[in-house]
**Q** 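Got a structure for you, questions after.
Protein chains get the first letters and strands the later ones, always in sequence-line order, with residue 1 at the start of each.
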There are 2 protein chains.
Amino acid sequence: MARRRPGIADETASTRGKILDAAERVFSIRGFDAATTREIAREADVPLGLMSYHFGTKDDLYTEVIGRRAEQHVADILAAMAAVRQRAGDGEVDVRALVEAFFRPIVEKSMSGGPGWRAYIRLLSRTANESPTHPHVAAFRKIYNPVPLEFIRLLKERFPKARPENIYWAHYVMSSAIIHMLVESKTLEQLSDGLCSAADLDTVAEKMAILFEAGITRLAEL
Amino acid sequence: MARRRPGIADETASTRGKILDAAERVFSIRGFDAATTREIAREADVPLGLMSYHFGTKDDLYTEVIGRRAEQHVADILAAMAAVRQRAGDGEVDVRALVEAFFRPIVEKSMSGGPGWRAYIRLLSRTANESPTHPHVAAFRKIYNPVPLEFIRLLKERFPKARPENIYWAHYVMSSAIIHMLVESKTLEQLSDGLCSAADLDTVAEKMAILFEAGITRLAEL
DNA sequence: GTCTATAATGAGATAGAC
DNA sequence: GTCTATCTCATTATAGAC
C-alpha cells in the first residue's frame, strides 16, 4: 500500500486538514469568487473564526489548497514524461505516449486518488481558466510551469525540423482542450444522449491521445 | 418594470444600451460572480437604481447580455457550415473547412466586430466554463445548442462508417479547445517568449483547423 | 488551539421624489 | 425615464473569552 505524503496524512484529521478538504470541495464546485468562507467552515464543521486563524485570507487559503497537491502532481507528470523519453532510447519519442504522459497522472489521481484528488482536478481546471492577474492564479502557474516546458522540449526534440511556433501552437491547443475537459460539464452526455461521458476520464485520455497524436504530428510536419 | 427589446443599433446610445455595453465588458473581465452591479453602473456612467429598473436582477442582466448577440452568432456559424456543405455538392464535406466554419465567425466578430463583440467572445468562453446549474448558463446553452448538433450531423455524414461515439468525442475535444483558447490568457505568449500570441485569432484558427482536420479524421476512421 | 460574538464592509435590490 | 437615499442581507475578518 502506497504511503501518503506525510504532510497530507498528518493533517487529514486535524482542523487544518478538515478545512483544506472542505475548501477543496467548495472551491471546486463554486469557483473562487462564489465560494464563501462560511460555507467552507460549515462544510468542515469548524467555527468560522478558525478560518482566519489558520489560513488568514481567503486568497491564502486557496493558495494552500493548490499548494498541498500541486508539487506531487507536477512531479508525477514529469516522471511520466521522463519514462516515455527513456523508453524511446536513441529513437524517436512516441507522440501518443507523450500526450498520455501529460494527461494520465491526472486521470489516475482523479479516478483512484480519492475524492480529494477529484475535487482538486476540477479546481485546477477552474483555476487555469481564471485571469492570471488574480494572485492565487499566479502562484498556481508558477508551480506548474515546468510541465509545458518539458512537453515542448520533447516535442521539439521529436520534430527537429518543425517550425518552433507550430510546436507552441500544438501544445497550446492540446492543453486548452485538456483544461476544459476537466471541468466535467454535462455537455457531452447530453449531446451524445448518454453514449459518452466526460466523467469517464479513462476514455477521455484514450480518445484524446489518438486525436492529438495525429493532429500534433500533422502540425509539426507541415 | 417596462421591458422593451429594441435592436442593438437603437440601443447603443440609450441608457439600456450603455448598461448592456458596460455589463458586457465587466462580466467578460471579472466573470459573473466577481462582477458587481455597482461597477457596471459606474462603468456605464449610470446611477445604480437604473440597473434594477431596466433589467431586474443581476442574473437577468447577464442573460440579456448574452441574448443580445447570441442569435446572430449562432446564425452566422450555421450559415458558414451550410456553405461548406453546399460547396461539397454530392461529394464529401471538407473537414478542415468544417472546423473553420465553427471557428471563423468567432474570429471575425472578435477582430472586426468592434470591442463589444470582442468582450462578448470572452464572456462566451467564460460562460461555457461555468456550471450548467447556474440559470444564466442554461439559457446560453439552449441558444447555442443547434451549433454542435449540426456539426455532429455533418461529421456523421462525412464519416458514415465511423463509430458514433468517436464523432462525439472528436467534437467534444475540439469544442473544449476552442472554448478555452478564447479566454486569452497570456500562457502562450509567455511560453513561446512572444513568438506566438493567443490574441492573434486568425492564426489560432489556421493552426487549429490543421490540427483538428488530422485529429478528427484519425479518430473517425479508426 | 478553540470558540462566540461582532465589527466593518460591500453586496443586490427598492422606495419614492423628480 | 431618471436619480438619490436607503433597506436588508451576507460577506470577510477580527477581538477577546475560554
**Q** Does the A/S110 side chain pair with the main chain of A/I106, one donor and one acceptor, at a distance under 3.5 Å?
**A**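 Side chain of A/S110 to backbone of A/I106, a donor-acceptor pair under 3.5 Å: no, none is there.
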
**Q** If the condition is side chain to side chain contact (heavy atoms under 4.5 Å, CB included), which residues does B/R38 pass it with, not counting sequence neighbours?
**A**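 If we apply the side chain to side chain contact (heavy atoms under 4.5 Å, CB included) test to B/R38, skipping adjacent residues, the hits are B/T36, B/L48.
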
**Q** Anything under 4.0 Å to a heavy atom of chain B counts; send over the first and last such nucleotide of DNA chain C, read 5' to 3'.
**A**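 The contact span of chain B on DNA chain C goes from C/dA11 to C/dT14.
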
**Q** For A/T127 and A/Y62, which I'm curious about, is there any donor-acceptor pair between the side chains at under 3.5 Å?
**A**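 Checked: A/T127/A/Y62 side chains pair up, N/O donor to acceptor below 3.5 Å.
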
**Q** What residues from residues 42-66 of chain A pass a heavy-atom cutoff of under 4.0 Å to DNA chain D?
**A**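 Only A/L48, A/G49, A/S52, A/T57, A/K58 qualify.
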
**Q** For the CZ atom on A/R30, are there more than 12 heavy atoms of other groups (residues, nucleotides or ligands in this structure) within a distance under 6.0 Å?
**A**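 No, because the 6.0 Å sphere around CZ of A/R30 holds 12 heavy atoms or fewer from other groups.
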
**Q** Would you find a donor on one side and an acceptor on the other, under 3.5 Å apart, between the side chain of B/R122 and the backbone of B/W117?
**A**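 Looks like no, no N/O pair under 3.5 Å.
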
**Q** Please enumerate all residues that pass side chain to side chain contact (heavy atoms under 4.5 Å, CB included) together with A/E150, with sequence neighbours excluded.
**A**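 Expected list: A/L78, A/M81, A/R153, A/L154.
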
**Q** What pairs with B/I152 under side chain to side chain contact (heavy atoms under 4.5 Å, CB included), at least two apart in sequence or on another chain?
**A**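 Per chain and number, B/I152 pairs via side chain to side chain contact (heavy atoms under 4.5 Å, CB included) with A/L191, B/K156, B/I167, B/Y168, B/H171.
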
**Q** Please confirm whether the backbone N or O of A/Y120 pairs with a side-chain atom of A/S28, one donor and one acceptor, at under 3.5 Å?
**A**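 A pair under 3.5 Å: no.
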
**Q** Hey, what's the ring geometry for A/Y144 with A/F140, parallel, tilted or perpendicular (30° and 60° as the breaks)?
**A**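 Tilted, since the angle between the ring planes falls between 30° and 60°.
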
**Q** Between A/D33 and A/K58, does at least one N-O distance fall below 4.0 Å, as a salt bridge requires?
**A**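 Salt bridge absent between A/D33 and A/K58.
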
**Q** Quick one, which residues of residues 27-37 of chain B touch DNA chain D with a heavy atom under 4.0 Å?
**A**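 Correct list: empty, so none.
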
